[in-house]
Amino acid sequence: MNIAFFGVGNMGGPMAANLVNAGHTVRVYDLAPALVRQAVEKGAQAGNSPAETVAGAEVVISMLPSANAVKGLYLGAQNLLGSIPAEALIIDCSTIDAATSRLLATAASEQGRTVIDAPVSGGVGGAKAGTLTFICGGDEASVERARPILLTMGKNVFRAGNHGAGQTAKLCNNMLLAVHMIGTCEALQLGADNGLDPAVLSEIMQASSGRNWSLEVYNPWPGVMDGVPSSNDYQGGFAVDLMNKDLTLAMGNAMQSGTRTPMGALARSLYGLHGGQGRGQLDFASILQLIAGEPPKH
Ligand code: NAD
């Protein structure tokens, strides 16, 4: 298939590479030329403008950092939506607020275009390995149309409900992720401060009732696990700034629905503090540094 791909950052880069490896023709566009060059080295084509990128596309995928970026791309002055072939399926994989996903879906439908929201879970490791979970919002037929393409980049495709529902489910998940990452850091720090080896403690808790994804797949303690951001100075991965965006969106949802989320609110405060101490670009497992009381970076 001819696929247009917008945003080849930490997640989008490996996702686009998996589409290329599956034999699709992938044209990429990113505001950062160096990232476009990296994608081209992996077999993608470079789009010189958003309109050129979508010309002839059968599928359009976006993996952008924010709702403003998504709105700017599709609904901006250049009306990219109107340049996308009418029969193409648009899949927005960015994590954004549900209202923006619904706004995009309405604008698309008014112009005879079809869009679904399909935010992902699984991190950069999952993007590289092609094992992501896609959490979709949209009509059933469109989600089924997207399924084979999504399964090229992941191993699970869920339909949470109509437009925006994928985003709501994703935010519930990421609020829980923030809470168990902070809890995992606290437990490891408590053990280390009391003479335990964090690697041994991790092994024990992985086989005990404290077992969770942060501990098992994304251990925050440097050196305990290979190939994760904590063992690479918290570079790459899922930025603290992006986790803060997600927690802010989740708290917005909670306010609207009147849901009590005290742990989510505390997680948002702690990640806000951590990002404000000059660590917004580090991977979110670096919250260990806040727990450990390391001095701010600035
Ligand atoms: P990133 O910052 O590494 O990549 C985003 C890319 O989008 C950047 O390269 C940026 O230049 C590009 N971009 C911004 N505006 C653009 C535009 N108008 N046109 C084209 N390109 C544009 O971020 P990421 O970590 O890859 O995250 C992308 C999305 O995936 C976010 O919504 C994030 O919340 C979500 N997400 C990230 C992870 C993770 O582990 N990193 C996991 C799940 C979901």
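Each residue takes its place number in the sequence, starting with 1. Counting convention: from 1, in listed order, for ligands and their atoms alike.
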Practice task
Could you check atom 26 (O) of ligand 1 against the protein and tell me its nearest heavy-atom contact, residue, atom and distance included?
Solution key: Met11 N, 2.9 Å
Problem - Where ligand 1 meets Gly7 - atom numbers and elements under 4.0 angstrom, heavy-atom basis - result: 7 (O), 21 (N)
Handout entry: Reported CH2-to-OG distance for the pair Trp213 and Ser121, which is rounded to 0.5 angstrom
Key = 6.5 Å
Practice task
Taking atom types as modelled, find out whether Ser142 and Asp139 have a side-chain donor-acceptor pair closer than 3.5 angstrom.
Solution key: yes
Practice task
For Phe238, take its heavy atoms, then give the atoms of ligand 1 lying under 4.0 Å from any of them.
Solution key: 34 (O), 37 (C), 38 (C), 39 (C), 40 (O), 41 (N)
Exercise for the section: Provide the number and element of each atom of ligand 1 under 4.0 Å from a heavy atom of Lys245. Expected result: 31 (C), 32 (O), 33 (C), 34 (O)
Exercise for the section: Might you point out which heavy atoms bring Leu201 and Ala187 nearest each other, and give the distance in Å? Expected result: CD2-O, 3.6 Å
Fill in the blank from the handout: Here the atoms of ligand 1 under 4.0 Å from any heavy atom belonging to Lys170 are 43 (C), 44 (C)
Handout entry: N or O pair under 3.5 Å between Phe6 and ligand 1
Key = no
Completion exercise
Filtering Asp283, Leu64, Val124 for the heavy atom nearest atom 28 (C) of ligand 1 leaves Leu64
Exercise for the section: Please determine if Leu73 has a nitrogen or oxygen closer than 3.5 Å to a nitrogen or oxygen of ligand 1. Expected result: no
Problem - For the student: nearest non-hydrogen atoms of His163 and Val115, plus distance - result: CE1-O, 2.9 Å
Problem - Test log, rule side chain to side chain contact (heavy atoms under 4.5 Å, CB included), inputs Thr106 and Glu110 - result: CA-CA 6 Å; Thr106 304; Glu110 282 168 3; 3.6 Å; yes
Handout entry: Protein heavy-atom partner closest to atom 43 (C) of ligand 1 - residue, atom, separation in Å
Key = Val120 O, 3.4 Å
Fill in the blank from the handout: of all protein heavy atoms, closest to atom 17 (C) of ligand 1 is Leu31 CG, 3.7 Å
Problem - CD/Glu203: more than 12 non-hydrogen atoms of other groups inside 6.0 Å - result: no
Handout entry: Member of Leu73, Leu75, Asp117 meeting the side chain to side chain contact (heavy atoms under 4.5 Å, CB included) criterion with Leu104
Key = Leu75
Practice task
May I ask whether atom 21 (N) of ligand 1 is less than 4.0 Å from at least one protein heavy atom?
Solution key: yes
Problem - Residue, atom name and distance, where the atom is the protein heavy atom closest to atom 41 (N) of ligand 1 - result: Gly237 O, 3.0 Å
Handout entry: atom 27 (O) of ligand 1: nearest protein contact (heavy atom, Å)
Key = Leu242 CD1, 3.7 Å
Practice task
Give a yes or no answer on whether the side chain of Asn244 reaches the backbone of Tyr271 with a donor-acceptor pair at less than 3.5 Å.
Solution key: yes
Exercise for the section: Using modelled atom types only, decide if a donor and an acceptor are shared between the side chain of Ser208 and the backbone of Ile204 within a distance under 3.5 Å. Expected result: yes
Problem - Side-chain donor/acceptor of Lys170 to backbone N/O of Ile96, under 3.5 Å - result: no
Practice task
Examine Thr95 against ligand 1 and note whether any of their N/O atoms are separated by less than 3.5 Å.
Solution key: yes
Problem - Heavy-atom proximity to atom 7 (O) of ligand 1, best of Pro65, Pro33, Gly123, Gly12 - result: Pro65
Handout entry: Heavy-atom nearest neighbour in the protein, as seen from atom 4 (O) of ligand 1, with distance rounded to 0.1 Å
Key = Gly9 CA, 3.4 Å
Exercise for the section: Using distance alone, determine whether Asn10 and ligand 1 share an N or O pair under 3.5 Å. Expected result: yes
Handout entry: Polar atom proximity, Asp30 to ligand 1 (N or O, under 3.5 Å)
Key = yes
Handout entry: Any side-chain donor near an acceptor of the partner, Ser66 and Asn68, under 3.5 Å
Key = no
Handout entry: Centroid separation Tyr218 to Phe238 less than 6.0 Å
Key = no
Practice task
Taking atom types as modelled, find out whether Thr261 and Thr259 have a side-chain donor-acceptor pair closer than 3.5 angstrom.
Solution key: no
Exercise for the section: Could you tell me whether Ala69 and ligand 1 have an N or O pair separated by under 3.5 Å? Expected result: no
Exercise for the section: Using a strict cut-off of 4.0 Å, indicate which atoms of ligand 1 neighbour a heavy atom of Leu35. Expected result: 9 (O)
Exercise for the section: Just need the protein heavy atom nearest to atom 30 (O) of ligand 1, so name the residue and atom and give the distance. Expected result: Met63 CE, 3.1 Å
